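Below are the structure tokens for one structure; questions will follow.
All values below were derived from every heavy atom in this structure, side-chain atoms included, with hydrogens, water molecules and symmetry-related copies excluded. Because the structure is a prediction, the values reported are computed rather than measured.
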Amino acid sequence: MKRSTIITIVVVAGFASILLYNTLSAQQVTCSACVTFNGTQNCATASGKDETEALRTAVNTACGTIAQGMDESIRCAGLPPQNPQCRSR
């Protein structure tokens, strides 16, 4: 293998490692929540830098499969979560 190929692989691997570390280190709290919308319930788990962000992301994720279209997604995301459970990492 050429020297330039090896250097390129090392640089790309280093960049990917830094990106992965920065992404995962920001996720300090994990929350699970359920949402009932139009008679359908869905639950999801998400991570975030704090409880508010993690819970909001879990609700948005749960709404993703039961809401159709932007209007329903916005209404679903505004609902209070059911059975929210959060834990710090």
**Q.** hydrophobic_cluster_shared for Ile74 and Val59, side chain cutoff 4.5 Å
**A.**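 The answer is no; the residues belong to distinct hydrophobic clusters.
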Q) In Å, rounded to the nearest 0.5 Å, how long is the span from OG1 of Thr30 to CD of Gln85? A) 12.0 Å
Q: Walk me through it: do Gln28 and Ser88 pass the test side chain to side chain contact (heavy atoms under 4.5 Å, CB included)?
A: CA-CA 6 Å; Gln28 299 298 321; Ser88 298; over 6 Å; no
Q.
With no hydrogens and no angle check, just 3.5 Å: does a side-chain donor-acceptor pair link Thr36 and Gln82?
A. yes
Q) Do you know the tightest heavy-atom contact between Ala58 and Ala44? A) O-CB, 3.5 Å
Q | Hphob cluster co-occupancy, Val12 + Ile9, side-chain heavy atoms under 4.5 angstrom | A |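 Each belongs to a different hydrophobic cluster.
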Q) When rounded to the nearest 0.5 angstrom, what distance separates SG in Cys63 from CG in Leu79? A) 6.5 Å
Q. Where is the tightest heavy-atom contact between Ser73 and Gly69, given as atom of each residue plus distance?
A.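 Taking Ser73 first and Gly69 second, the nearest heavy atoms are OG-O, 2.9 Å.
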Q: Return the minimal non-hydrogen interatomic distance between Ala54 and Gly48, and the atom names on each side.
A: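 That closest heavy-atom pairing would be CB-N, 3.6 Å.
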Q | Minimum-distance pair of heavy atoms, taken over all atoms of Arg75 and Phe37 | A | NH2-CZ, 4.0 Å
Q | Other residues, nucleotides, ligands: >12 heavy atoms within 6.0 Å of Asn38 CG | A |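 Yes - once you tally the heavy atoms of other residues, nucleotides and ligands closer than 6.0 Å, there are more than 12.
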Q. Taking the side chain as C-beta and beyond, is there a heavy-atom pair between Pro81 and Leu55 under 4.5 Å?
A. yes
Q.
Would you say that Glu51 contacts Cys31 through its side chain, given a criterion of any heavy-atom pair below 4.5 Å between the two side chains?
A. yes
Q | Main-chain N/O of Ala62 paired to Asn42 side chain as donor or acceptor, under 3.5 Å | A | yes
Q: Return the minimal non-hydrogen interatomic distance between Gln41 and Cys34, and the atom names on each side.
A: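 Distance-wise, the nearest heavy atoms are NE2-CB, 3.7 Å.
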